Enquirer: 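Handing you this structure, nothing more for now.
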Amino acid sequence: MFGPGDVDPSESRGGGTPARSAPVPGQVTFTRRELNRILDLYGRKVAAGEWRDYAIDFLKDRAVFSVFRRSSEVPLYRIEKDPKLAQRQGAYSVVSASGHILRRGHELDRVLRAIDKSLSLVAS
């Protein structure tokens, strides 16, 4: 079934994802501040029972944080960072499950307001 050196993908490796010392050159990543902000939102949504799983993809042209209601489904939202768009519409965007861009902008916090209603300002 598996050859020498192959690892069964269902085998537990103890401790989650393997650690990497540095990003691959030319690969787009989230900064620590960006990731902390996204994970803060993710934690609150998990506590509220809305989200249950996530995936992070670092690609050559963009970084994507996908959130899921269940791991077997398509992502509810994708939070994307595309540096090529930084000078135009903004590097950050929130994309819905249907592929519609809910919000795009230059500041991550403003873009995340599209899916984080607790950050919205309430007019009195």
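By convention here, the first residue in the shown sequence is residue 1. Note that the coordinates shown come from a computational prediction; the quantities given were computed from them, not determined experimentally.
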Enquirer: Please report, to 0.1 Å, the donor-acceptor pairs under 3.5 Å made by any side chain of residues 88-96, with sequence neighbours excluded.
Expert:
from  : atom 1 : to     : atom 2 : distance (Å)
Tyr92 : OH     : Glu34  : OE2    : 2.1
Ser96 : OG     : Ser98  : N      : 3.4
Ser96 : OG     : Ser98  : OG     : 3.0
Ser96 : OG     : His100 : N      : 3.4
Ser96 : OG     : His100 : O      : 3.4

Enquirer: Tell me if the centroids of the rings in Tyr54 and Phe68 come within less than 6.0 Å of each other.
Expert: no
Enquirer: So Arg37 and Asp109, do their side chains get closer than 4.5 Å, heavy atoms only?
Expert: yes
Enquirer: Below 4.5 Å, heavy atoms only, C-beta onward: do Arg70 and Asp53 meet side chain to side chain?
Expert: no
Enquirer: Can you list the steps and then say if Phe58 with Val28 is a side-chain contact (heavy atoms from CB on, under 4.5 Å)?
Expert: CA-CA 6 Å; Phe58 299 127; Val28 178; over 6 Å; no
Enquirer: Measure the shortest side-chain to side-chain distance between His106 and Val111 over non-hydrogen atoms and say whether it is less than 4.5 angstrom.
Expert: no
Enquirer: What distance separates Asn36 CG from Leu108 CG, expressed to the nearest 0.5 Å?
Expert: 11.0 Å
Enquirer: Are the charged groups of Asp116 and Arg44 less than 4.0 angstrom apart, N to O?
Expert: yes
Enquirer: Would you indicate whether the side-chain heavy atoms of Tyr77 and Leu102 approach each other to under 4.5 Å?
Expert: yes
Enquirer: Checking Lys81 against Arg62 for the side-chain contact (heavy atoms from CB on, under 4.5 Å) test, could you report, in this order, the C-alpha distance in whole Å, the side-chain angles of both residues, the deciding distance, and whether it holds?
Expert: CA-CA 5 Å; Lys81 176 183 178 181; Arg62 65 182 191 234; 5.9 Å; no
Enquirer: Taking all atoms of both residues into account, what is the closest heavy-atom pair of Glu80 and Val64, and its distance?
Expert: CG-CG2, 4.0 Å
Enquirer: For the atom pair CZ (Arg69) and CH2 (Trp51), what is the distance rounded to the nearest 0.5 Å?
Expert: 11.0 Å
Enquirer: Give the cluster check for Leu85 versus Leu112: same hydrophobic cluster or not, with ILVMFWY residues linked at side-chain heavy-atom distances below 4.5 Å.
Expert: no
Enquirer: Does the side chain of Leu39 come within less than 4.5 Å of Phe65's, by heavy atoms?
Expert: yes
Enquirer: To check you understand the geometry: which heavy-atom pair defines the closest contact between Arg103 and Ala114, and what is its length?
Expert: NH1-N, 3.7 Å
Enquirer: So, for Pro75 and Ser66, which heavy atoms are closest and what is the spacing to 0.1 Å?
Expert: CB-CB, 3.9 Å
Enquirer: Can you find a pair of side-chain heavy atoms, one from Lys45 and one from Val67, that are under 4.5 Å apart?
Expert: no
Enquirer: Quick one: are Ile115 and Ile79 in side-chain contact, heavy atoms under 4.5 Å?
Expert: yes
